[in-house]
Visitor: 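I have a structure here, written as C-alpha cells, and I will follow up with some questions on it.
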Number of protein chains: 4
Amino acid sequence: MTRSGEGRILSRLAESQASAEDKRRQILDAAVRVFARKGFHASRVGDIAEEAGVAHGLLYHYFESKDQLLEAVFHENWSVLLERIGSVEETDEPAADQLRHIAAILLRTWLHLPDVVRVVVREFGRSPELAERIGELARPIELIERVIARGVARGEFEQDIDPRVAATVVYGGIDELLTGWVLDRLPADEEAVVAAERTFFAVSLRGLLAKSG
Amino acid sequence: MTRSGEGRILSRLAESQASAEDKRRQILDAAVRVFARKGFHASRVGDIAEEAGVAHGLLYHYFESKDQLLEAVFHENWSVLLERIGSVEETDEPAADQLRHIAAILLRTWLHLPDVVRVVVREFGRSPELAERIGELARPIELIERVIARGVARGEFEQDIDPRVAATVVYGGIDELLTGWVLDRLPADEEAVVAAERTFFAVSLRGLLAKSG
Amino acid sequence: MTRSGEGRILSRLAESQASAEDKRRQILDAAVRVFARKGFHASRVGDIAEEAGVAHGLLYHYFESKDQLLEAVFHENWSVLLERIGSVEETDEPAADQLRHIAAILLRTWLHLPDVVRVVVREFGRSPELAERIGELARPIELIERVIARGVARGEFEQDIDPRVAATVVYGGIDELLTGWVLDRLPADEEAVVAAERTFFAVSLRGLLAKSG
Amino acid sequence: MTRSGEGRILSRLAESQASAEDKRRQILDAAVRVFARKGFHASRVGDIAEEAGVAHGLLYHYFESKDQLLEAVFHENWSVLLERIGSVEETDEPAADQLRHIAAILLRTWLHLPDVVRVVVREFGRSPELAERIGELARPIELIERVIARGVARGEFEQDIDPRVAATVVYGGIDELLTGWVLDRLPADEEAVVAAERTFFAVSLRGLLAKSG
DNA sequence: TATGAATGAGTGTTCATTCAT
DNA sequence: GATGAATGAACACTCATTCAT
C-alpha cells in the first residue's frame, strides 16, 4: 500500500497512460486526502475530483455515490489493516501479547497512513448508519473481545472481566490516542508514538492481568 | 436536572403560562432530542421547531443560527456536568479515587441525560472546529490529566507515566463506553452501567497504580 | 415644518406624555431618517421602531404597512412642499421667474429637509408603482409643464418647444442636483447650493427664452 | 447588438446547438428583461431562470450571485454604450457638438436597448453602493464634465460656469427623458425621441454658449 | 395604548447526481 | 472513457405582520 500522498504525484505524471484501475485508485486516494482535510460532510465531490485531477462526473463511473466512495475508502484501506490485525489471532502467543501486537499495529498505522486513520477515526468512529453498512466485523473491537475472552478462559486474565466491556475500554484508549494525533492534541512524531504505545500498555493492559499471573 | 424527555410533556401542558425563558428551554430540549436522534447535519431546523411545537422562525429569536444552537446545547447541558466533575479536583482524596469519581460521574450521566451524552459524543467528540469554538477546557481530558499528574507527583502512580497520554487513554475508555451505549452496541440499562463501571476501573485504572502502592 | 432631526429629541423627552398624534409623528420622522440612511428596501420595520424608541408592533397601530408608511412620508412631508411650489403658479410673474422660484424652492429644500429629499429622490423618482399609488400630481414636473406651456402661449418662450419634454428636461436637472447632494457627489453646503442654483438657471433656463425676448 | 427581446426567440430555436457562451448570454438577456419588468428587488432568481428557460441552479454556474448578475448586466451592456460615448471625446469638434453627440447616443439607446436602459435608469441611477462597486467612471456625467470644462477653457462656453454642476444638470435632463420613456410618461416612439432630442438641445445646451459666441 | 413573542411565506444558494456530447 | 453543463430537491435564514397580554 502506498502512502496516499505519494500516489498523487505519480498519478499526475502518468495521467495520460493511466489504466482504468489507476484512475479509480487516483480518485480514491484523492478522496482520502480530502475527507481527511475537511471531513466527509464538508467535502464536495468537486473538491475530490479537483484533487484527483479529473472531471467530477467521472467519479460516478467508478463509484455509485459520495457515500459509496466513503465506503470504498474504508474497504480498500482500513480493511487491509484489519486483516493484518486478524492474523494476530492465529498465533499461539499469550493473550496479553496478542493485545500488545494489535495495539501496536493500530497505533503505528498513524505513521504510515495518517490520512486514512484521520478519516476512519472521524467518520466511522461515530456513525451508526455507516458502521452498519460496513458491517459489524469492520471494527477491531470484536477481535479484541475474542482475544480477551480467550485470555479469560485460559486464566491469563482476571476472571471477573466482561470481555465485551473490557474490549470497548481497551479499544477506546487506542482510538482516543489516534484522535489525539489526528486533532493535533498530542505530539505525533514517531518517537512520541512509540512512547504513547508504552504508556498505553502500562495503563490499559496491565489491569487485565490476573494478580496471580 | 430533569431528564430532557420529561420536560417536553410538562412544557406542553403548561404551554400557555410558559415564560420566555421556558420557551427557550423548550427549543433547546427539542434540539437535544432531534440532534440525538438524527445527528446535527441531518437535523433540519424545521424538525427542531416541530419537535418543540413552535414555528421555525421562533428559533431565531432565541438562537442566532443552527450552529449556535448546537453550542448552546453544549454550554447549557454538558458544561453543568463539567462543573460537577471539576469539583472533584478540589477534594483531597487520593488521585485514584478522584479518577474513580470522575469516571462515575461521566458514565452515570448516561442514565440521567442520555440524549445530551449522545449529542456530545457524536458531535463534539470528533469535530476540531466545534471543539475550538467551545474552548479547550470543554473536554474532561485536561482535568483527568491534572489529576494523573498530581498522582504521579505524590508517588501514588507509576513514575514513568506521561500524564497527557495516560489521560487520553483513560478518557478514551470512558468515551468508548458511552459510544457503545449510544450506538446500542452494549447493554445500556442501569445494572449494565454499574457493571461496566467496575470493569472500567479494573482495566483502565489499576494499571496506573504504583506497584509499591 | 420642523426639521426632522429636531423632532426626535423633543419626542424622546416628552415620550411619556406624548399624545397619540405625537407618537405617530415620532414614528414618521424616524421612518424618514431610516429610509434616508438605508433606503426603503433595506430598512426593516424594527429599525424604524428602534429609531422611534417604540416597540415595532406599535407601528401597526398608526400605519397599515411598511408600504403605507412610505406613502405617509410622502404625503406628510413632500406634499407640503408641493403646495408651496403650487402657489407660485398663482402669481402673475413672467414664466421664467416662476420657474426660477420653483427651482429655488426645490433646491433649497435640501438645506431644510435633507432626509425627506433623500427619500423622495431615491424611492419615488424611479418607482412606477409607487408613483401611481401616490398619484400623478405628486411630481412637480406637471406643474413645471404648465408654467412652460403658459410661457410659450404668452410668447415669453420659444414657440417650437414641447412643454412636456421641456419640463422633463428642466426637472431632470433639478433632480440630478438633489441626487448629487444626496449621494455626496457634489458639495452640499449652503454656499454650494446657492451657486448651483445660479448655474442651473444659466444652463437650463436661458435656453427657453425666445431670442427676441 | 440586437434588441434583447429578439435574442430570446432565436436562442430558443437554437437551444440545442447553443454553446456555453450562448447560454450565459441567454441568462443575461433574460435577467435584463425580468429586471426591466419588475425591478431588481422584486425579481426572483427563479423568474430569471424561467424566462431563460433553464433550471435556476444553472444561473450559479455563470454568475456568483443575483447581485453579481446585475453587475454583469451593467458591464456587458451599458459599458458598451459608455465606450461609444467615450470616443466622442477624441474628436476635435467644438464642445457643443460633442455634447450634442453624447446626448444623441444616450437618448437613442432607448430605441435600441430599451430594457437595458430601463434597468440602468432604475437600478444604477440611485444606488450609491452599486455605483461604487461598478466604479465612478461608470456614469457618463464625468465625461460630460470634461467636455464642458474644455469648452469653458476654449472660450466656447460661458466663463462663469462650474463644469461639474453644469454636467450634473445636463445629464439630469437626459436621464429624466429616459426615465420618462421607461415609465411611460412621455411618448417613446422613434419620432418622439428625435423631437425630444431637439427640445433637449434647445433647452439645455443653448444656455451654455457664450453670448459672444 | 403598548409590547415583543410568535408566525410562516418567501428566497437565495448549495451541491449530489445525471446526461448529452 | 471522460467532460462539465444542466438539473432540482433541499435548507437555513429573514422579516413583515399578527396577536395575546
Side-chain angles (χ1 to χ4, degrees), chain A residues 15 18-20 23-24 41-50 53-69, chain B residues 15-20 23-24 27 41-49 52-67 69, chain C residues 15-16 18-20 23-24 41-50 53-69, chain D residues 15-24 27 41-49 52-69:
Chain A
E15 204 165 294
S19 75
K23 225 24 165 318
R24 199 191 122 94
H41 273 110
S43 300
R44 283 156 295 155
V45 293
D47 295 334
I48 298 165
E50 193 186 14
V54 301
H56 68 277
L58 187 58
L59 202 143
Y60 289 88
H61 273 275
Y62 295 106
F63 305 95
E64 282 179 16
S65 68
K66 194 187 161 194
D67 278 343
Q68 205 258 330
L69 179 55
Chain B
E15 203 165 296
S16 45
Q17 297 97 329
S19 77
K23 217 42 165 298
R24 201 192 120 95
I27 292 169
H41 275 109
S43 301
R44 282 157 293 149
V45 292
D47 295 336
I48 298 165
V54 299
H56 73 275
L58 188 59
L59 203 142
Y60 291 90
H61 268 273
Y62 295 105
F63 305 95
E64 282 180 13
S65 66
K66 194 188 161 194
D67 277 342
L69 180 54
Chain C
E15 205 165 293
S16 45
S19 77
K23 223 28 165 313
R24 201 191 120 94
H41 274 111
S43 300
R44 283 156 294 154
V45 292
D47 296 333
I48 298 165
E50 193 186 14
V54 300
H56 69 276
L58 187 58
L59 202 142
Y60 289 87
H61 273 276
Y62 296 105
F63 304 95
E64 282 179 15
S65 67
K66 194 189 162 195
D67 277 344
Q68 205 259 328
L69 179 55
Chain D
E15 204 165 296
S16 45
Q17 298 96 329
S19 76
E21 200 42 45
D22 286 350
K23 217 43 164 296
R24 201 192 120 95
I27 292 170
H41 275 110
S43 301
R44 283 157 291 150
V45 292
D47 295 335
I48 299 165
V54 300
H56 71 276
L58 187 58
L59 203 144
Y60 291 89
H61 268 274
Y62 294 106
F63 306 94
E64 282 180 14
S65 66
K66 194 189 161 194
D67 276 343
Q68 204 258 331
L69 179 54

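Below, chain A is the first sequence line, B the second, and so on; all start at residue 1. What you see is a predicted model; the values in this text were computed from it and never measured.
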Visitor: Considering heavy-atom distances to DNA chain E, does C/Ala55 or A/Asp67 have its closest nucleotide positioned more toward the 5' end?
Guide: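 Taking each residue's closest nucleotide, the earlier one in sequence belongs to C/Ala55.
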Visitor: Considering all heavy atoms of both residues, which atom of C/Gly46 and which atom of C/His56 are nearest to each other, and what is their separation?
Guide: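 What the structure gives for the nearest pair is CA-CB, 4.2 Å.
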Visitor: Given atom NE2 of B/His61 and atom C1' of F/dC15, what is their separation to the nearest angstrom?
Guide: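 B/His61 atom NE2 is separated from F/dC15 atom C1' by 9 Å.
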Visitor: Take the protein atom CZ of C/Arg44 and the nucleotide atom C1' of F/dT14, then report the distance between them rounded to whole Å.
Guide: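 Atom-to-atom, C/Arg44 to F/dT14, this comes out as 9 Å.
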Visitor: Indicate, yes or no, whether a donor-acceptor pair under 3.5 Å links the base of E/dT7 to the side chain of B/His56.
Guide: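 No, no donor-acceptor pair under 3.5 Å.
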Visitor: Checking contacts here: which listed nucleotide (F/dA16, F/dA12, E/dT18) is nearest the side-chain heavy atoms of C/Lys66?
Guide: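 The answer is F/dA16.
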Visitor: Expressed as a whole number of angstroms, how long is the span from B/His41:NE2 to F/dA10:P?
Guide: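 Nearest whole value for this atom pair: 18 Å.
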Visitor: If you find the nucleotide of DNA chain F closest to B/Glu64 and the one closest to C/Ser65, which residue's nucleotide is nearer the 5' end?
Guide: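 With B/Glu64 and C/Ser65 compared, the 5'-side residue is B/Glu64.
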Visitor: Let me know the distance between CD1 of B/Ile48 and C1' of F/dA12, rounded to the nearest Å.
Guide: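 Answer to the nearest Å: 11 Å.
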Visitor: Quick check for you: among E/dT18, F/dT18, E/dA5, whose closest atom lies nearest to any side-chain atom of B/Tyr62?
Guide: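 Given the options E/dT18, F/dT18, E/dA5, the side chain of B/Tyr62 is closest to E/dA5.
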Visitor: Rounded to the Å, how far apart are A/Gln68 CD and E/dT17 C1'?
Guide: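 So the CD-C1' distance, A/Gln68 to E/dT17, works out to 14 Å.
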Visitor: To the nearest 0.5 Å, what is the distance between CG (D/Leu58) and CD1 (D/Ile27)?
Guide: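 Atom-to-atom, D/Leu58:CG and D/Ile27:CD1 are 4.5 Å apart.
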Visitor: So which one's nearest nucleotide on DNA chain F is more toward 5', C/Val45 or C/Leu58?
Guide: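 Nearest-nucleotide comparison on DNA chain F picks C/Val45.
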Visitor: Measure the distance from CG on C/Asp47 to P on F/dT14 and round it to the nearest whole Å.
Guide: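 It is 13 Å, rounded to the nearest whole Å.
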Visitor: Send over the distance from A/Leu59 CG to F/dG1 C1', rounded to a whole Å.
Guide: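 The answer, rounded to whole Å, is 14 Å.
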Visitor: Rounding to a whole Å, what distance do you find between A/Tyr60:OH and F/dT7:P?
Guide: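 It is 17 Å, rounded to the nearest whole Å.
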Visitor: Quick one: pull up CD in C/Gln68 and OH in C/Tyr60 and give me the separation to the nearest 0.5 Å.
Guide: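 Spacing of CD (C/Gln68) from OH (C/Tyr60) equals 11.0 Å.
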Visitor: Dot-bracket for DNA chain F, please, read 5' to 3', with Watson-Crick or G-U wobble pairs under 3.5 Å on both distances, ( ) within the strand, [ ] crossing, | other strand, . unpaired.
Guide: .||||||||||||||||||||
Visitor: Using every non-hydrogen atom in the two residues, find where B/Ala49 and B/Ala55 come nearest and quote the distance to one decimal.
Guide: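 Heavy atoms of B/Ala49 and B/Ala55 come nearest at CB-C, 3.9 Å.
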Visitor: If you measure from CZ on C/Arg44 to NZ on C/Lys66, what distance do you get to the nearest 0.5 Å?
Guide: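 So the gap between those two atoms works out to 9.5 Å.
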Visitor: To the nearest 0.5 angstrom, please state how far the CG atom of A/Leu59 sits from the CZ atom of A/Arg24.
Guide: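 With rounding to 0.5 Å, CG (A/Leu59) is 10.5 Å from CZ (A/Arg24).
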Visitor: Please state whether the phosphate of F/dG1, meaning OP1 or OP2, lies under 4.0 angstrom from any side-chain nitrogen or oxygen of A/Lys23.
Guide: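 For F/dG1, OP1/OP2 do not have a side-chain N/O of A/Lys23 under 4.0 Å.
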Visitor: Counting only heavy atoms from other residues, nucleotides and ligands, does the tally under 6.0 Å from CD of D/Glu64 exceed 12?
Guide: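 Counting other residues, nucleotides and ligands, CD of D/Glu64 stays at 12 neighbours or fewer.
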